[in-house]
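Everything on this sheet refers to the single structure shown next.
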Amino acid sequence: MTDALPVEARSGLLPLRMDEVRVDPALALRIPAALAIRRELLPFLAWRGRVHVACVDVSDAAALGLVQRTFELPVEMVPAEPDSLRRVLSGIHGGGRGGLVRAGGEGGDASDAAALSDQLVREAVLRQASDVHVDPGPEDVRVRVRVDGALEELRRVPSGMASSLANRFKVLAQVDIAEKRAPQDGAYRHAMGDGRMVDVRLATLPTRWGERLTLRLLGRDAAVRDLGGLGMDAGHLAIFEGALMKPHGMILLTGPTGSGKSTTLHAGVRRLLGMAPLNIITVEDPVEQEMAGVAQVAVDSADKTSFAKALRSILRHDPDVVMIGEVRDAETAGIAVKASLTGHLVLSSLHTNTAAGAVTRLSDMGVERYLVASTLRLSVAQRLVRRLCMRCRTPGLMSESAALALGRGEAAGQPCWTAGGCWYCGGRGVSGRVALFEMLPMDETWSRVVTGGAHEADLVEEMRRRGHGQLIDDGLAKLARGETTSEEVRGAVAWG
């Protein structure tokens with residue numbers, strides 16, 4: 001039996017730890033819940049022309065025959081750790097009581113908006129997705145999920161379900177179901193069958209064919225991520241923690257939308273909470289992660305509580321630390337600078353491409369250069385790249401063409417890993433994401449450069465001269481360690 005198993009089995013990947021495996025819910029739901037739970041088996045991946053089925057007993061010929069009749073492709077039974085398999089089965093089927101409804105639009109449950117909304121969220125969580133997009137069209141409703149930054153189609157829903165499905169999510173998120181012509185935001189907490197809780201943030205947008213829904217999934221495990229899990233190397237971590245130790249000043253995170261700035265800001269706040277008893281107040285739009293011991297203010301869509309209004313008020317509440325979700329305009333920038341001048345530590349984000357770009361962006365907003373120089377303690381640029389699956393990555397050397405594409409021809413010949421594919425990553429070769437960082441710590445000598453009116457290009461050149469690594473340098477280091485691929489790094493830094 002062992003000789004017939006693929007390379008993954010012979011290299012120590014078995015038995016499968018199902019808590020770490022990406023399960024395809026479309027396959028899992030093909031098997032009746034009663035059969036799956038009684039026989040302890042779970043179809044989880046279609047790959048290499050076979051349907052792979054996790055089970056406790058691979059020699060159960062009767063179970064193999066039952067499963068094989070369900071699928072057109074050949075079935076391969078894969079041994080799994082019993083406890084982890086039972087936990088996953090419980091999450092999918094609810095122990096046989098109220099689990100996921102079956103796909104395909106058959107029966108009353110599949111036509112019920114409440115059951116369908118529950119199923120979509122559960123399927124997305126099983127795929128380890130970060131977002132769910134429900135996009136109505138003239139013929140049907142397309143449901144897609146974002147997994148490791150890439151969109152994948154989950155299913156198509158009949159167009160007649162669009163309105164009831166939207167209303168169901170809006171009821172859960174406690175937003176106005178009668179309002180269909182204006183965007184709305186809300187949130188709720190979803191209970192998985194295995195006892196896990198997932199925070200869901202809902203955003204609606206009126207379109208020609210109905211309301212478009214975007215659900216951001218914030219798992220409880222992701223919410224407790226600290227600085228050590230973001231991908232900072234020892235040098236970057238020391239710089240960031242050093243800036244957090246300062247009693248006042250500004251720490252700014254820069255990068256495009258979806259680059260992980262908010263996650264880093266929340267991780268920084270959590271590290272501060274662990275350092276000393278502090279009065280920390282945040283102003284966010286919306287509140288993405290709940291943090292115990294922190295006063296979190298949500299910006300009101302009706303502008304009753306804008307960033308600027310909230311900041312003017314909270315400074316009278318004696319905060320030690322203020323986190324601003326984003327510096328969007330001159331008024332917010334001015335208040336943030338004044339707060340840092342009056343003895344507060346301010347953490348926030350900006351939409352710029354480089355760490356040096358934060359200086360010129362604040363200047364463009366009307367903040368005087370000498371104020372930027374005296375308040376900015378650290379500027380951080382970051383991007384997200386997909387992380388290689390550590391179980392199946394393949395070692396190699398960077399080609400000359402790949403090095404030239406990254407703008408670092410001298411990197412040709414350095415260690416460079418490529419994606420493989422295994423049961424754990426669903427054959428993708430990647431699992432999760434890791435951040436690339438570029439840090440500009442400000443000191444007295446930097447302050448003189450900033451006050452002197454240096455442009456962004458001058459600041460970048462000065463960073464190189466002083467040995468401060470850029471995004472591409474962190475990318476090359478992570479390439480050498482086998483954390484990501486050259487294609488991912490090139491895509492992340494090509495325009496930054």
Side-chain angles (χ1 to χ4, degrees), residues 21-30 44-47 91-92 100-105 110-170 172-173 175 180 183-188 190 192 198-219 222 256-260 288 384-387 425-433 488 491-492:
V21 171
R22 284 192 166 166
V23 176
D24 185 344
L27 295 176
L29 296 172
R30 295 279 296 275
F44 67 94
L45 174 65
W47 182 46
I92 294 174
L100 293 180
V101 299
R102 299 183 64 76
S111 63
D112 180 66
L116 180 58
S117 63
D118 181 71
Q119 175 168 327
L120 293 179
V121 173
R122 292 193 181 203
E123 288 188 10
V125 172
L126 285 174
R127 289 203 183 190
Q128 301 177 21
S130 60
D131 302 86
V132 181
H133 298 271
V134 182
D135 193 3
E139 298 179 356
D140 54 24
V141 179
R142 180 172 59 167
V143 181
R144 294 182 293 174
V145 293
R146 189 175 295 278
V147 181
D148 295 338
L151 280 174
E152 301 176 359
E153 184 165 310
L154 188 64
R155 66 166 58 200
R156 300 273 178 155
V157 177
S159 58
M161 288 287 294
S163 179
S164 57
L165 184 61
N167 286 340
R168 174 59 182 171
F169 278 121
K170 290 164 74 173
L172 291 171
V175 301
K180 300 182 182 295
Q184 297 188 83
D185 297 299
Y188 71 98
H190 180 92
M192 296 290 289
V198 178
D199 289 329
V200 181
R201 194 183 77 199
L202 172 72
T204 72
L205 185 68
T207 70
R208 179 182 179 186
W209 304 109
E211 288 183 282
R212 190 187 196 280
L213 310 176
T214 299
L215 288 78
R216 172 66 57 88
L217 307 180
L218 301 168
T257 300
S259 58
E288 292 192 14
L384 289 178
V385 294
R386 293 191 295 176
R387 188 195 296 268
C425 63
R428 295 176 175 89
V430 294
S431 181
R433 290 190 287 179
E488 286 291 313

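Residue G160 comes nearest to S164 through the heavy atom pair O-OG, 4.4 Å, listed as atom of the first residue, atom of the second, then distance. Across all their heavy atoms, G137 and S159 have their closest contact at O-CB, 4.4 Å. The nearest pair of heavy atoms linking V385 to A492 is CG1-CB, 3.6 Å. Taking both residues in full, the closest heavy atoms of V175 and G186 are given as CG1-CA, 3.8 Å, listed atom of the first, atom of the second, then distance. Closest heavy-atom contact between E211 and A166: OE1-CB, 4.2 Å. A46 approaches L27 most closely through the heavy-atom pair N-CD1, 3.3 Å.
Between E488 and R387 there is no side-chain heavy-atom pair separated by less than 4.5 Å. Residues E123 and L29 have side chains in contact (heavy-atom distance under 4.5 Å, counting atoms from C-beta outward). D131 is not listed as a side-chain neighbour of V145, based on a closest heavy-atom distance of 4.5 Å or more. Side-chain contact between Q119 and R155 is present, with heavy atoms from C-beta onward closer than 4.5 Å. A 4.5 Å side-chain heavy-atom check between L218 and V198 finds every atom pair outside the cut-off. Looking at heavy atoms from C-beta onward, D140 lies out of side-chain contact with P158 at the 4.5 angstrom threshold. Side chains of P206 and P183 form a contact here, defined as non-hydrogen atoms less than 4.5 Å apart. Using a 4.5 Å heavy-atom threshold, the side chains of P25 and I92 count as separate.
Separation of atoms CG (L120) and CZ (R168) is listed at 12.0 Å; rounding is to 0.5 Å. To the nearest 0.5 Å, atoms CG (L126) and CD (Q128) are separated by 9.0 Å. Separation of atoms CG (L154) and NE2 (H133) is listed at 12.0 Å; rounding is to 0.5 Å. If you take OG on S117 and CG on L215, they are separated by 9.5 Å, rounding to the nearest 0.5 Å.
Contacts of R22 classified as salt bridge (charged side-chain N to carboxylate O under 4.0 Å, His left out), with partners at least two apart in sequence or in another chain: D148. Residues that satisfy the salt bridge (charged side-chain N to carboxylate O under 4.0 Å, His left out) test with R146, not counting sequence neighbours, are absent from this structure. Contacts of R127 classified as side-chain hydrogen bond (donor to acceptor under 3.5 Å, both in side chains), with partners at least two apart in sequence or in another chain: D24, E152. Annotation: salt bridge (charged side-chain N to carboxylate O under 4.0 Å, His left out) contacts of E153 (sequence neighbours excluded): R156. L384 meets the side chain to side chain contact (heavy atoms under 4.5 Å, CB included) test with R433, A435; sequence neighbours excluded. Scored by the salt bridge (charged side-chain N to carboxylate O under 4.0 Å, His left out) test, R201 finds E288 as partners (sequence neighbours excluded).
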Exercise. Can V132 and V121 be said to form a side-chain contact (heavy atoms from CB on, under 4.5 Å), step by step?
Worked result: CA-CA 8 Å; V132 181; V121 173; 5.7 Å; no
Problem set entry | Working for side-chain contact (heavy atoms from CB on, under 4.5 Å), residues Y188 and L202 | CA-CA 8 Å; Y188 71 98; L202 172 72; 5.5 Å; no
For this session: Assess whether side-chain contact (heavy atoms from CB on, under 4.5 Å) is satisfied between K180 and S163, documenting all intermediate values.
Result: CA-CA 10 Å; K180 300 182 182 295; S163 179; 4.2 Å; yes
Problem set entry | R216 vs T214, side-chain hydrogen bond (donor to acceptor under 3.5 Å, both in side chains): CA-CA, chis, key distance, verdict | CA-CA 7 Å; R216 172 66 57 88; T214 299; over 6 Å; no
Exercise. Can you list the steps and then say if V125 with H190 is a side-chain contact (heavy atoms from CB on, under 4.5 Å)?
Worked result: CA-CA 10 Å; V125 172; H190 180 92; 5.8 Å; no
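Shown are V141, V134, D135; of these, the side chain to side chain contact (heavy atoms under 4.5 Å, CB included) with R212 is made only by D135.
Remark: the backbone N or O of Q184 is paired with a side-chain donor or acceptor of T204 at under 3.5 angstrom.
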